Chemist: 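Would you mind keeping the following structure in view while I ask a few things?
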Number of protein chains: 2
Amino acid sequence: MKNTQLSRREKEKLRRRQEIKAAALRLFSEKGYHGVSVQEIAEKAEFAVGTLYNFFKSKGELYQEAMLEQTEIFFAEQAKTLDEPMDEVTKLRNLVRAKGEHFRENASRIRIFQAELRQASDSAIMELDAQIHQKRRQMFDKVASVFESGIKNGSFQRIGDPYHLAVILDGIIAAFVTLWIEEPDKHPFPTDPDVILNILFKGLIED
Amino acid sequence: MKNTQLSRREKEKLRRRQEIKAAALRLFSEKGYHGVSVQEIAEKAEFAVGTLYNFFKSKGELYQEAMLEQTEIFFAEQAKTLDEPMDEVTKLRNLVRAKGEHFRENASRIRIFQAELRQASDSAIMELDAQIHQKRRQMFDKVASVFESGIKNGSFQRIGDPYHLAVILDGIIAAFVTLWIEEPDKHPFPTDPDVILNILFKGLIED
DNA sequence: CTATTTAATGAATTTGTATTCATATTTTGA
DNA sequence: TCAAAATATGAATACAAATTCATTAAATAG
């Protein structure tokens, strides 16, 4: 799979292309698509603006290539953990571990997969983000206290920290919403709340 | 809490302000912040561009107000379900139900809480989005087959559809990542995968 | 060493859109 | 009915980039 039939010149060209992509990736990850100008990328990559356009058709294409490459690495790392011949529990543990490692190693780049607006330069929008997150935290506290009291009075097992449980319930619901938004017919949002809650209520292992 | 001490004129003014906000909300929800021009909002609201600026300092402020109002309604609906004097399981069920109803009623508006880029008009970026989602689905299939085989050979209980379980595991991890990104010191991403997996492995109710 | 091809440059151009403001219109109160 | 105050208007302005391209520089070949 090595590029052996590439001339010296072509390899050089490819290397510079990669350099530009790397500079772009770092900036996009920090400030989001709209927060970065082509000028800025050119400076970071130590090329002139025009040069970037010798390598990429447009800013959009550069963004696409940079992000897709990153995504491919991310998924490849995960897939590898599932291809080992292991029992299911081990596979899941390795998967979660691999994801965790990737996140820790690429902390700054992860943000980009969060909402693009979070990185806005506009002050009103940054304020909005802060306000929404405050509301979310308040909500998490409220939900956490439900788990807390359930654990205290013996209705619930202590399978995790109550605040974590609140955040997790939110994450599970968000996952269902994502499914539903992408393919509303194939994955309608469940009417019965227990379809979602049973994930928490019932244990996957033993009973 | 009613605005009784407002003059006829002031009430009118407020109503028009709300109308603009409503038009803006609909457009922002469909096409994202960068995908909508002030022109467009003005047309939808049936005012001239200049008029919007009599009501809002800037596009950013309009966005902020429109989105925040929506968010407040969203969280208020949820909070209400937790304030009723019910047992914990019922509270959680009502919470999930309330969220589901909100999502179904506001389908188009939900997208805005997903990544902003998804609504991009740039074709390269739309393509990127499609490519990432294809990769995600492939990954979900792989993970689902781990759950599937675990269920088949009796290692796992069938607490939900295997594909759902895969998506949910992803959602749980994403929830932890969000926590960690917001407050890295307070909520580090767990080193031990079982902190995450026990949510699935162990049941909240009975054992 | 020179000619020719290939690549890099960045100022100038184009584009898109947020914001302003002089003018027109409507509302209010006398 | 009319003048003053309040609002609405949208063409003009300002600005921030993305993209282009004529020019310059570097690399390669003869």
Side-chain angles (χ1 to χ4, degrees), chain A residues 6-21 23-24 27-28 30-67 116-117 119-128, chain B residues 6-21 23-24 27-28 30-67 116-117 119-128:
Chain A
L6 290 183
S7 69
R8 203 193 159 308
R9 173 172 274 191
E10 277 169 322
K11 277 192 291 183
E12 269 289 302
K13 200 166 171 177
L14 217 64
R15 201 182 45 70
R16 273 169 298 173
R17 209 186 137 88
Q18 283 298 107
E19 255 171 46
I20 294 169
K21 238 193 282 184
L27 287 169
F28 283 138
E30 277 164 27
K31 316 209 264 174
Y33 181 73
H34 294 288
V36 179
S37 71
V38 177
Q39 280 288 347
E40 223 174 331
I41 299 170
E43 271 162 38
K44 186 90 154 194
E46 293 180 278
F47 284 104
V49 212
T51 310
L52 300 210
Y53 283 87
N54 293 336
F55 288 94
F56 299 92
K57 251 208 319 290
S58 67
K59 183 187 177 186
E61 189 185 279
L62 176 52
Y63 182 78
Q64 184 195 19
E65 287 208 23
M67 300 311 290
E116 170 83 357
L117 283 171
Q119 301 132 323
S121 50
D122 188 308
S123 76
I125 288 172
M126 281 172 53
E127 201 187 316
L128 171 65
Chain B
L6 291 182
S7 69
R8 204 194 159 307
R9 173 172 273 190
E10 278 169 321
K11 275 192 290 182
E12 269 290 302
K13 199 166 171 175
L14 216 63
R15 202 183 44 70
R16 273 170 299 174
R17 208 185 137 88
Q18 283 298 105
E19 254 171 44
I20 294 169
K21 237 193 281 183
L27 287 169
F28 284 138
E30 276 164 27
K31 316 208 264 174
Y33 181 72
H34 294 288
V36 179
S37 71
V38 177
Q39 280 287 347
E40 222 174 332
I41 299 170
E43 272 162 37
K44 187 89 156 193
E46 294 180 276
F47 284 105
V49 212
T51 310
L52 300 210
Y53 283 86
N54 293 336
F55 288 95
F56 299 92
K57 250 208 318 290
S58 67
K59 184 187 178 186
E61 189 185 281
L62 176 52
Y63 182 79
Q64 184 195 19
E65 286 209 22
M67 300 311 291
E116 170 83 357
L117 282 171
Q119 301 133 320
S121 49
D122 188 309
S123 75
I125 288 172
M126 282 171 54
E127 200 187 317
L128 171 65

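From a predicted model like this one, the values you see are computed outputs, not experimental measurements. Within every chain, numbering begins at 1; the chains are lettered A, B, ... in the order of the sequence lines, protein sequences first and strands thereafter.
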Chemist: Can you run down the side chain to side chain donor-acceptor pair (under 3.5 Å) pairs that involve residues 48-57 of chain B, sequence neighbours left out, and say none if there aren't any?
Modeler: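 Listed once each, the pairs are B/K57-B/E61.
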Chemist: Do you know which two heavy atoms are closest between B/H34 and A/H34, and how far apart they sit?
Modeler: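 Of all heavy-atom pairs spanning B/H34 and A/H34, the closest is CD2-CD2, 2.9 Å.
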Chemist: Each nucleotide N or O in nucleotides 15-18 of chain C that has a protein N or O under 3.5 Å away: list the pair and distance.
Modeler:
residue : atom : partner : partner atom : Å
C/dA18  : OP1  : B/K59   : NZ           : 3.0
C/dA18  : OP2  : B/V38   : N            : 2.6

Chemist: Would you mind reading off the distance between A/E43 atom CD and C/dT9 atom P, rounded to a whole angstrom?
Modeler: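 Atom CD in A/E43 sits about 12 Å away from atom P in C/dT9.
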Chemist: Polar-atom pairs under 3.5 Å, protein N or O versus N or O of nucleotides 6-9 of chain D: list them with distances, or write none.
Modeler:
residue : atom : partner : partner atom : Å
D/dA6   : O3'  : B/R9    : NH1          : 3.3
D/dT7   : O3'  : B/R16   : NH1          : 3.4
D/dA8   : OP1  : B/R16   : NH1          : 2.2
D/dT9   : OP2  : B/A48   : N            : 2.9
D/dT9   : OP2  : B/T51   : OG1          : 2.8

Chemist: What are the two closest non-hydrogen atoms of A/F28 and A/Q119, and how far apart are they?
Modeler: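 A/F28 and A/Q119 have their closest heavy atoms at O-NE2, 4.3 Å.
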Chemist: Could you pull out every donor-acceptor pair under 3.5 Å between side chains of residues 41-50 of chain A and any protein atom, sequence neighbours left out?
Modeler:
none

Chemist: A/E12 CD to C/dT6 C1': how many Å, rounded?
Modeler: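 After rounding, the gap between these two atoms is 14 Å.
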Chemist: Once side chain to side chain donor-acceptor pair (under 3.5 Å) is applied, do any residues pair with B/Q39, and if so which ones, sequence neighbours excluded?
Modeler: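 Result, side chain to side chain donor-acceptor pair (under 3.5 Å) vs B/Q39: none returned.
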Chemist: With sequence neighbours excluded, tell me which residues meet side chain to side chain donor-acceptor pair (under 3.5 Å) with A/R16.
Modeler: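 For A/R16 there are no side chain to side chain donor-acceptor pair (under 3.5 Å) partners, ignoring immediate neighbours.
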Chemist: State, to 0.1 Å, how close A/L27 and A/V36 come at their nearest heavy-atom pair, and which atoms those are.
Modeler: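 Looks like O-CG2, 3.4 Å.
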Chemist: Nearest-Å distance, CD (B/E10) to P (C/dT27)?
Modeler: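 Spelled out: CD on B/E10 to P on C/dT27 is 17 Å.
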Chemist: Begin from the C-alpha positions of A/K13 and A/E10 and carry the test salt bridge (Lys or Arg N to Asp or Glu O under 4.0 Å) through to its verdict.
Modeler: CA-CA 5 Å; A/K13 200 166 171 177; A/E10 277 169 322; over 6 Å; no
